[in-house]
Participant: 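Below you'll find the structure I mean.
Residue numbers begin at 1 in each chain, while the letters A, B, ... track the order of the sequences. Since the model is a prediction, treat every value here as computed from it, not as a measurement. Heavy atoms only: backbone and side chains are in, while hydrogens, waters and symmetry mates are out.
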Amino acid sequence: MNRAAPIVAMLWESWRLTRVEAAGRLALGLVAGSFAMLLLGTKGATAAFWMLIAIHSMIWFSIAKLNGGRFADGYKPGFPLYLLFRQPVSTATIVGAAMAYDALSCFALYLVSAAALGLVFGQPLPLFSMTLCFVAYHLAYTCCQWSTRNRIVQWAGSFAFSVPLLLMLIDNVKQPLQVEFSPAENALFAAIGVVSIVLTVAGVARQRRGDSVEVVPQPKTESIGFPEWLINVFRFPCPTSSAARAQVWFELRSSALPILTIGLTLAILIVLLHALGIPFAPFRVVAVALSVLAVPIMVFTLGANAFGIRRKQARIYASAFEMTQAYGTAQMSALKLLVRTACVLIALIALGLSLWSTGPLLSAWGSFPMGDGDALPGWLNARQKLADTIGGLTWYACAAWTLVATIAVAGQVAWRAAAEALRVRHPRLVSTVQWVPVAWSIAAMLIVVVATNEIVPEFVANVFLKASVWVSGAALVFSAIYLLRRGLTERMLTRRYAGGVLAISVVFAAALLVGFSSKNVLGVLWPAALIVTLGALAPWALNRARHA
Amino acid sequence: MDITISLTDGVPIYRQIVNQVKYLVASGLLQPGEELPPIRTLALQLKVTPNTIVKAYGDLEIAGVVQKLRGSGTFVSEGRPQQVALRERRRLIEQRIDTLLAEAHQLNFTTEDVLRMVRERKAAMDETGAEPAEAKRTNR
Amino acid sequence: MDQPVVDVNGLSRSFAHKKALDGVSFRATAGQVYGLVGSNGAGKTTLLKHLLGLLRATEGSVRVFGLDPVRDPVGVLSRVGYLSEERELPEWMSIDELLRYTQAYHPNWDASYARELLETFALDPAKKIKDLSKGMRAQAGLIAAVAYRPELLILDEPSSGLDAVVRRDILDAIVRAVADDGRTVIFSSHLLDEVERMSDHVTMIQQGRVTLSGALDDVRRDYQRSRVRFTEHFERPPVIDTALAMEGGGRSWSVIHSGSPEQFLKSVRDRGGEVVESRDATLEEIFLARAGRGRPQAEAA
């Protein structure tokens with residue numbers, strides 16, 4: 001037998017599983033990097049560099065599906081490609097191929113985007129000098145995730161090596177932007193990589209020996225993303241007096257309270273890390289990183305999939321248990337969206353309070369080295385400015401802003417829920433639609449770049465931007481009307497639900513007018529139509545998922 | 001009530017119940033005036049759909065073996081018990097004879113051979129004082 | 001009263017260009033037990049999912065209690081009890097929570113019946129679903145499906161993979177639903193003896209089509225199993241009119257046949273054979289014959 005054949009097959013399978021995500025990360029890195037370059041001038045390269053590092057290693061850590069699945073997707077800890085255990089291939093080959101693919105593909109993505117950004121904007125980013133650091137980071141991370149099934153070890157291990165690695169990287173970033181590691185450091189990275197591979201092979205070999213029983217498919221049951229103990233933090237009896245109350249109980253127990261717990265834990269953790277940062281300087285980096293990431297984590301991860309759509313081995317489906325309860329689709333979706341929005345909001349408020357309360361702790365730090373200077377005074381100033389701005393607002397502007405933010409969170413929750421539910425029936429369509437904003441951003445970016453370099457006259461860029469706002473606004477108004485009408489005739493929406501959505505949209509528009517004190521009709525109409533569209537789309541999507 | 005259902009010999013379940021009740025009545029194991037189990041009880045006992053029991057009891061009522069009394073239940077008929085018993089006994093034994101003849105024909109025995117053999121068996125049994133084999137086997 | 005509980009007309013459904021259901025029509029009237037048989041992947045579950053509105057009728061129509069389960073899920077689902085083969089119950093719930101949750105949706109919940117079943121099954125209400133065995137999951141799901149005494153009970157492969165004890169519990173529940181309340185039951189099963197015992201009507205689905213449907217006794221009467229002896233020795237099954245399947249060898253064959261008995265007799269005599277014995281075929285024999293097992297192969301002319 002040709003020894004290369006299984007390796008090729010494994011690499012092909014990894015590529016097949018990850019290519020969409022890889023494309024997404026490439027595009028995101030390019031867009032975010034371009035924005036940084038355009039907006040920040042000479043500092044743009046540094047910002048773009050850190051964004052690429054984050055996008056290609058930190059945020060996703062490594063390719064998600066190889067890494068045992070999405071966050072809330074019946075995650076099975078340990079080595080994700082356990083089905084390969086049945087193949088007559090040595091553990092070292094399986095693990096080696098997967099780890100090499102993960103590390104090298106991520107580095108290749110970084111390399112391509114860094115080179116492209118450097119070339120286009122004339123500010124070179126570090127390229128091959130990053131090789132060993134980047135690869136070592138990925139190997140060490142996958143080692144933590146794959147060599148053990150114990151989640152605490154996974155988390156602790158990831159923190160234990162990524163913080164020092166990050167500090168080393170920060171230390172070695174020089175201005176003008178370049179990264180140089182000493183030979184000793186590079187040797188250290190190589191050693192980390194080798195040790196990681198050896199440890200992973202050993203750990204996976206243990207799983208392989210002990211796994212023969214566990215790989216047998218277990219009785220199919222509904223698993224939701226949150227671990228059992230998290231769901232059972234709060235227990236209270238299910239009310240039997242009405243279906244709506246029971247459904248609220250179901251939502252609270254199965255997802256809302258776990259999310260709230262995570263949010264509150266994050267809030268407490270942030271304060272704790274800031275406090276620890278006073279005596280122990282290394283904690284300051286973690287504290288700042290968590291402060292920056294906490295809000296996106298809340299909104300994007302925990303605010304997603306409010307309808308509880310499940311994924312199992314590339315199959316997307318709605319829970320038959322919930323879908324066969326005698327409850328109207330419009331009511332069910334309204335209830336799910338409201339409960340989820342409420343708990344994301346509460347968690348956000350807790351996060352806000354926690355971030356605010358770190359002020360005195362930050363002052364106690366004395367300094368926070370970032371790049372070449374001390375970033376702390378600027379950071380404290382920015383906080384003070386924000387506080388002054390909010391303090392300077394009238395009470396009704398404050399209320400208006402709160403309303404706008406609340407409805408925006410609800411809209412985000414509704415969109416993520418609808419997208420996930422629509423995926424059950426129209427997976428390709430949803431994927432395509434989700435790329436529209438990215439594609440538009442790239443196009444807009446290109447046109448603006450071309451216009452600022454005076455290759456085409458400036459009015460072309462203006463016309464493009466204006467036209468896209470008008471066209472998308474018209475499309476939104478049209479789809480809002482269409483979805484509402486269709487939903488009412490097909491009895492997917494109740495009149496009460498449609499009325500509620502329209503009322504929310506009107507409140508949003510009013511709040512926007514007050515908050516912005518703007519006279520720009522389109523600037524109000526556009527988001528207002530978006531709210532109606534999302535509000536009508538969500539039950540529609542749930543209906544499509546319920547009656548596939 | 002001792003009834004067993006067989007799913008291998010192709011006789012519809014309601015007919016198996018009808019035959020066995022008739023046999024029980026004919027053999028005196030069910031006395032005239034005795035109550036048959038309620039439909040639900042028998043259905044649960046035999047693990048068959050209640051409608052099958054309804055159908056069987058209906059057939060039995062048409063045949064005059066049982067009668068339904070409004071509001072109380074189903075009882076073995078008081079009247080004409082001898083006539084029912086005789087007709088049923090005949091039917092049962094005729095079924096056996098049919099099978100015997102078919103088998104005999106397959107094995108190349110004439111009807112005369114069979115008659116002769118029946119007499120010989122009877123004589124042999126009388127000598128040993130044995131009961132006819134399978135006398136107690138429940139008929140389906 | 002004349003309105004059928006379930007009325008499916010010309011229902012077709014494809015998944016990824018593969019026909020799962022092809023022009024299926026199905027009717028169920030109140031107070032009867034309907035058994036659905038067919039091989040794995042024949043379309044039984046797909047049909048049942050249409051009744052629950054989990055699938056939308058793309059071609060043809062589905063009515064349950066005269067309502068469209070997709071347009072009026074509340075109207076249909078509040079009167080239907082459902083136990084799925086996969087028993088999709090939320091892992092994190094305890095049995096007690098599961099029952100309370102279900103109760104909230106059904107005002108006519110019979111708490112004493114639920115308690116009685118819990119005791120019969122010896123289930124501990126405090127136990128989590130995830131800690132239950134397969135049989136206990138089925139029992140818990142069953143209580144949640146029958147304790148509000150639904151007018152229509154839909155059971156998808158209720159006894160698949162279960163031991164004899166739990167199977168009895170499920171059959172008991174079907175008997176009770178029909179005997180006590182005159183409810184309608186539709187269940188699918190690959191255990192043909194179960195279907196033969198439990199159903200008043202049987203519907204056979206093969207490759208998305210209904211190949212056989214009717215009152216169990218009528219269906220059975222239409223199919224005969226005969227033992228035939230030929231004077232001649234056959235290596236392969238001889239061609240006999242109306243025969244669906246033949247088993248045996250040499251001179252002695254058993255034949256499952258349907259249609260006119262006279263035509264069958266004549267065909268057997270023409271081939272130099274005689275019928276030794278005939279009786280109604282069992283459901284299993286019919287199923288295997290229809291599924292194409294032992295179908296007479298074309299004899300070399």
Participant: Measuring heavy-atom distances to chain A, does Leu98(C) have an atom under 4.5 Å in its side chain, in its backbone, in both, or in neither?
Facilitator: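 Side chain only.
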Participant: On the 0 to 90° scale, with breaks at 30° and 60°, tag the Trp92(C)-Phe250(A) ring pair as parallel, tilted or perpendicular.
Facilitator: tilted
Participant: When you look at NZ of Lys49(C), are more than 12 heavy atoms from neighbouring residues, nucleotides or ligands closer to it than 6.0 Å?
Facilitator: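 No - once you tally the heavy atoms of other residues, nucleotides and ligands closer than 6.0 Å, there are 12 at most.
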Participant: What distance do Tyr105(C) atom OH and Thr324(A) atom OG1 have between them, rounded to the nearest 0.5 Å?
Facilitator: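 Separation between the atoms: 10.0 Å.
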Participant: Is the backbone N or O of Leu54(C) less than 3.5 Å from a side-chain atom of His547(A), with the two atoms forming a donor-acceptor pair by type?
Facilitator: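 Between the backbone of Leu54(C) and the side chain of His547(A) there is no qualifying donor-acceptor contact (under 3.5 Å).
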Participant: With chain C, which of Gln247(A), Met492(A), Met323(A), Arg245(A) has the greatest number of heavy-atom pairs at distances under 4.5 Å?
Facilitator: Gln247(A)
Participant: Can you tell me how far apart CZ (Arg100(C)) and CH2 (Trp249(A)) are? Round to the nearest 0.5 Å.
Facilitator: 9.0 Å
Participant: Look at Val74(C), Val80(C), Asp96(C), Val70(C) and state which one has the largest set of heavy-atom pairs under 4.5 Å with chain A.
Facilitator: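 Going by pairs under 4.5 Å, I would pick Val70(C).
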Participant: Is it the backbone or the side chain of Pro69(C) that comes under 4.5 Å from a heavy atom of chain A, or both, or neither?
Facilitator: backbone
Participant: Identify the two heavy atoms, one from Thr489(A) and one from Arg71(C), that lie closest to each other, and give their separation to 0.1 Å.
Facilitator: O-NH2, 3.2 Å
Participant: Roughly how far, to the nearest 0.5 Å, is the OG atom of Ser254(A) from the CD atom of Glu91(C)?
Facilitator: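 With rounding to 0.5 Å, CD (Glu91(C)) is 13.0 Å from OG (Ser254(A)).
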Participant: Measure across Thr329(A) and Pro73(C) and return the closest heavy-atom pair with its distance rounded to 0.1 Å.
Facilitator: OG1-CG, 4.3 Å
Participant: Name the region of Tyr82(C), side chain, backbone, both or neither, that has any atom closer than 4.5 Å to a heavy atom of chain A.
Facilitator: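 Just its side chain gets close to chain A.
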Participant: Using non-hydrogen atoms only, which part of Ser242(A) is less than 4.5 Å away from chain C: side chain, backbone, both, or neither?
Facilitator: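 Contact with chain C: backbone only.
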Participant: Which pair of heavy atoms, one from Arg546(A) and one from Leu77(C), lies closest together, and at what distance?
Facilitator: NH2-CD1, 3.5 Å
Participant: In Å, rounded to the nearest 0.5 Å, how long is the span from SG of Cys238(A) to CD of Gln103(C)?
Facilitator: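 If I round to the nearest 0.5 Å, the distance is 8.5 Å.
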Participant: Checking side-chain contact (heavy atoms from CB on, under 4.5 Å) for the pair Arg56(C)/Asn543(A): CA distance, chi angles, key distance, verdict?
Facilitator: CA-CA 10 Å; Arg56(C) 181 190 302 266; Asn543(A) 177 287; 2.8 Å; yes
Participant: With ring centroids as reference points, do Tyr101(C) and Phe321(A) lie under 6.0 angstrom apart?
Facilitator: yes
Participant: Could you tell me whether Lys127(C) atom NZ has more than 12 heavy atoms of other residues or ligands within 6.0 Å of it?
Facilitator: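 Result for NZ/Lys127(C): open.
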Participant: Should the heavy atoms of other residues, nucleotides or ligands under 6.0 Å from CD of Glu490(A) be counted, would the total exceed 12?
Facilitator: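 Check passes, neighbour count above 12.
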Participant: Under 4.5 Å heavy-atom distance to chain C, tell me which part of Arg544(A) shows up: side chain, backbone, both or neither.
Facilitator: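 Looking at Arg544(A), backbone and side chain both touch chain C.
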